[in-house]
Amino acid sequence: MISIIVFGPLLAAIIAGLGNRAIGNVPAKVITTGALFLSCVLSWPIFLSFLGGGAEPHVEQVFTWIRSGTFDAGWELRVDALTATMLVVVTTVSALVHLYSWGYMDEDPDQPRFFAYLSLFTFAMLMLVTANNLIQLFFGWEGVGLASYLLIGFWFKKPSANAAAIKAFVVNRVGDLGFMMGIFGVYLVFDTIDIPTILEAAPAMAGSTIGFLGGRFETMTVLCLLLFIGAMGKSAQLGLHTWLPDAMEGPTPVSALIHAATMVTAGVFMVCRLSPLFETSAVAMAVVTIVGAATCFFAATIGTCQTDIKRVIAYSTCSQLGYMFFAAGVGAYGAAMFHLLTHAFFKALLFLGAGSVIHAMHHEQDMRYYGGLRKQIPITFWTMMAGTLAITGVGIPFTEIGFAGFFSKDAILESAYAAGGNGTMAFYLGVFAALLTSFYSWRLMFLTFWGKPRWEQSEHIQHAVHDAHGHGHDDHHAHAAHGHEGHGDGTAGYHPHESGWVMLIPLIALSIGAVASGYAFYHSFVGPEEGAHFWAASTLFFNEHLMEAAHHVPAWVKLSPAIAMLLGLGIAWMAYMRHTDWPARFTAQFYLLYDFLLNKWYVDELYDRIFVRPAFWFGRLFWKGGDEGTIDRFGPDGAAVAVNAGGRVTRALQSGYLYSYALVMLIGLAAAATWAIMPK
């Protein structure tokens with residue numbers, strides 16, 4: 001069964017990719033989507049069997065991959081509680097994204113290629129989560145990086161998409177360098193890459209030292225930090241986060257699949273999979289906590305000022321990943337995985353809902369040109385409302401009534417407070433980030449679905465109306481106008497229409513997860529007894545004492561996220577519903593702060609000056625001065641010049657006249673005679 005789950009999407013990707021237009025759009029979509037729904041249907045029983053406590057971890061041997069001396073890397077599929085959790089996340093979201101893409105990409109000429117890329121990505125992610133050794137984990141790790149590059153740059157005729165794809169690839173290579181060094185170090189220390197063997201031997205290495213960069217450092221700290229650098233790149237943590245917002249240049253289904261629910265959670269999964277390793281280093285745990293908490297706060301502040309609907313959700317993803325990491329940093333791995341699960345549902349829902357809005361608004365992504373859409377696209381509105389209630393953590397404290405984020409985010413914050421130390425700092429930053437999350441989430445909803453329509457200010461809508469009256473439009477991936485009664489060149493008669501059912505069904509299905517997944521899995525993931533029983537069937541380290549303490553934190557700790565959520569909602573309502581002049585007045589009064597946040601803390605500009613420009617300068621130096629000016633000049637180009645010059649001389653001597661040749665012969669004869677009679 002596990003082989004079908006993993007290799008089914010690969011087979012579908014091969015058929016759709018190689019067949020491409022020869023097999024046509026519909027067969028390619030049917031094959032890839034069918035394979036993903038089959039994987040999804042087979043994954044849920046595996047997950048539920050672990051949830052019910054009736055399953056045991058097992059490893060399925062596929063074949064021997066690499067064997068050289070003591071190095072043995074088998075291709076094995078590990079199935080345990082942690083894998084089962086990731087299987088349902090990956091296959092469920094991917095299957096629904098495949099179905100959603102039937103409608104969203106309906107007019108794209110390269111649909112077989114798109115669906116092949118989606119399925120290829122899913123296969124790589126499934127290889128990652130079923131890996132039983134670090135080499136196979138790295139194979140899946142790089143596979144999702146490749147698929148991400150292909151999908152972000154899918155519209156390769158669009159320069160911004162190409163630039164975003166390259167940026168994602170390069171930034172992830174920085175993280176992957178650390179990840180590779182970590183794997184090398186683990187093999188050097190443990191003489192194996194088998195994950196269970198490494199985790200079993202890790203406690204014995206605590207306190208030992210290793211030579212690194214000319215000094216002696218604690219072995220486990222070095223290894224864990226190197227591995228965590230890889231997680232920072234893949235999961236867009238502070239410092240290596242810059243690729244994630246730009247990745248929104250890809251099609252919206254790509255954003256939902258890769259940058260909300262699956263690929264960006266690979267780093268969290270890796271830390272949880274290797275949690276017994278991280279538990280041996282207090283320094284590494286502190287770094288994970290601090291980086292996660294800083295990312296959580298940092299990304300939330302930027303999300304408050306963005307106007308592109310997809311970028312708001314992208315920075316929200318970055319912030320929510322920060323929650324997961326600082327949960328892992330304080331030892332609450334079960335809470336981190338719980339939030340990973342619930343986040344997959346409500347964040348994929350928000351991205352696909354945003355795609356439905358963009359589809360209705362003729363690819364307009366600026367929320368300032370929306371307004372009043374709740375009556376025009378009601379199903380999209382109610383599903384996005386479910387996602388917003390989930391991400392903001394709406395629920396009744398001290399009860400088990402609430403949306404998904406209420407259970408998982410609160411579990412993280414309570415665990416951080418109970419852990420103390422760095423966890424206390426993470427708790428306060430997390431609560432403030434919860435306030436900001438509530439503000440920018442409700443700001444998105446108010447700007448999009450309430451207020452007066454502001455469509456006439458949008459160039460995209462103007463183009464839509466022009467197209468409806470027979471004017472040309474060269475946007476190769478735009479959709480036709482969704483209804484029109486336009487007059488002249490105005491847009492007053494433009495009426496956004498709801499998306500088709502092929503796009504709405506995934507939204508409704510994800511809404512169920514956003515509403516119910518928190519309540520359904522709360523006890524199994526973070527309950528002191530139930531969680532210990534569930535996670536015992538995996539490599540994840542479950543701290544029963546921490547989870548017990550998290551359930552008995554002071555009342556004000558449990559109330560803090562709810563108060564933060566209400567404050568964020570209240571501020572957003574006052575600013576965007578009651579006193580709509582407040583945002584302009586605020587930005588005029590605090591323009592320095594606003595520009596700082598609008599420009600994303602100027603991190604991209606800083607990197608441009610520190611890394612990008614010097615890299616280009618050195619590149620031009622070695623290209624113009626080194627390659628062309630030295631190597632080519634004195635190498636192949638110099639030799640070619642010398643040959644050409646010699647050719648011109650000899651060509652001048654070959655005149656074709658007999659007397660010229662006779663003269664040359666006489667000169668040669670005279671020279672030979674002179675040399676012969678000269679005294680020796």
Side-chain angles (χ1 to χ4, degrees), residues 8-41 90-123 125 147 150-152 154-155 250-262 310 344-345 348-363 377 379-380 383-384 387 475-483 496-513:
L10 174 63
L11 180 61
I14 293 172
I15 295 173
L18 296 182
N20 207 294
R21 297 180 186 178
I23 64 174
N25 292 339
V26 175
K29 293 190 289 189
V30 169
I31 292 169
T32 53
T33 307
L36 260 300
F37 271 95
L38 176 61
S39 295
C40 177
V41 169
V90 174
T91 59
T92 301
V93 173
S94 183
L96 293 174
V97 166
H98 273 72
L99 181 61
Y100 178 93
S101 300
W102 280 52
Y104 194 87
M105 303 295 291
D106 184 53
E107 297 181 12
D108 195 279
D110 294 317
Q111 293 177 57
R113 179 167 62 90
F114 178 78
F115 281 87
Y117 288 169
L118 285 184
S119 294
L120 177 65
F121 164 81
T122 308
F123 161 72
M125 192 68 195
L150 294 173
L151 285 165
I152 295 170
F154 176 75
W155 286 321
T252 298
V254 173
S255 303
L257 177 63
I258 294 181
H259 310 116
T262 52
K310 286 174 65 176
F345 289 115
L349 170 62
L350 289 171
F351 261 119
L352 295 184
S356 183
V357 172
I358 295 168
H359 184 270
M361 296 299 291
H362 203 76
H363 289 269
I377 47 175
I379 299 177
T380 298
T383 54
M384 287 197 72
D475 187 351
H476 73 277
H477 63 272
H479 297 265
H482 301 291
H497 282 187
E498 185 65 273
S499 301
W501 281 106
V502 73
M503 293 172 63
L504 295 178
I505 289 174
L507 293 180
I508 295 170
L510 289 168
S511 298
I512 297 172

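Predicted model, so just to flag it, every value in this text is computed and none were measured.
Annotation: the span from H363 atom NE2 to T252 atom OG1 amounts to 8.0 Å, rounded to 0.5 Å. Here the OG1-CG distance, from T33 to L118, works out to 8.5 Å after rounding to the nearest 0.5 Å. Put simply, CD on E498 and CD1 on I379 are 5.0 Å apart, with the number rounded to the nearest 0.5 Å. The distance from the OG1 atom of T32 to the CG atom of L11 is 11.5 Å, given to the nearest 0.5 Å. Taking CD1 from I15 and CD1 from I31, the interatomic distance works out to 5.0 Å, rounded to the nearest 0.5 Å. Note: F351 CZ to L257 CG = 11.5 Å, rounded to the nearest 0.5 Å.
Residues V93 and A344 share a closest heavy-atom pair of CG2-O, 4.1 Å. When every heavy atom of T122 is checked against every heavy atom of S94, the shortest pair comes out as OG1-OG, 2.7 Å. The minimum heavy-atom distance between I377 and A360, with the atom names listed, is CG2-CB, 4.0 Å. Closest of all the heavy-atom pairs between D106 and Q111 is O-NE2, 2.9 Å. Minimum interatomic distance between S39 and P9 (heavy atoms only, all atoms of both residues): OG-CD, 3.6 Å. Nearest heavy-atom pair across W501 and P506 is O-CD, 4.4 Å.
At distances below 3.5 Å, not a single donor-acceptor pair connects side-chain atoms of Y104 with backbone N or O atoms of L352. Using a distance-only test at 3.5 Å, with no hydrogens or angles considered, a donor-acceptor pair links the side chain of D108 to the main chain of D110. Between the side chain of H359 and the main chain of G355, no donor-acceptor pair closer than 3.5 Å is present.
Within the 4.5 Å cutoff, no side-chain heavy atoms of F154 are placed close to those of V254. Looking at heavy atoms from C-beta onward, L349 lies out of side-chain contact with M384 at the 4.5 angstrom threshold. No side-chain heavy atom of L10 sits under 4.5 Å from any side-chain heavy atom of S119. When side chains are defined from C-beta on, T380 counts as touching L507, because their heavy atoms get closer than 4.5 Å. The shortest distance between side-chain heavy atoms of F115 and W102 falls below 4.5 Å.
In the model, T383 has no side-chain atom that pairs as donor or acceptor with a side-chain atom of S511 under 3.5 Å.
For the side-chain contact (heavy atoms from CB on, under 4.5 Å) criterion with F121, the lone passing option out of V90, L150, L151 is L151.
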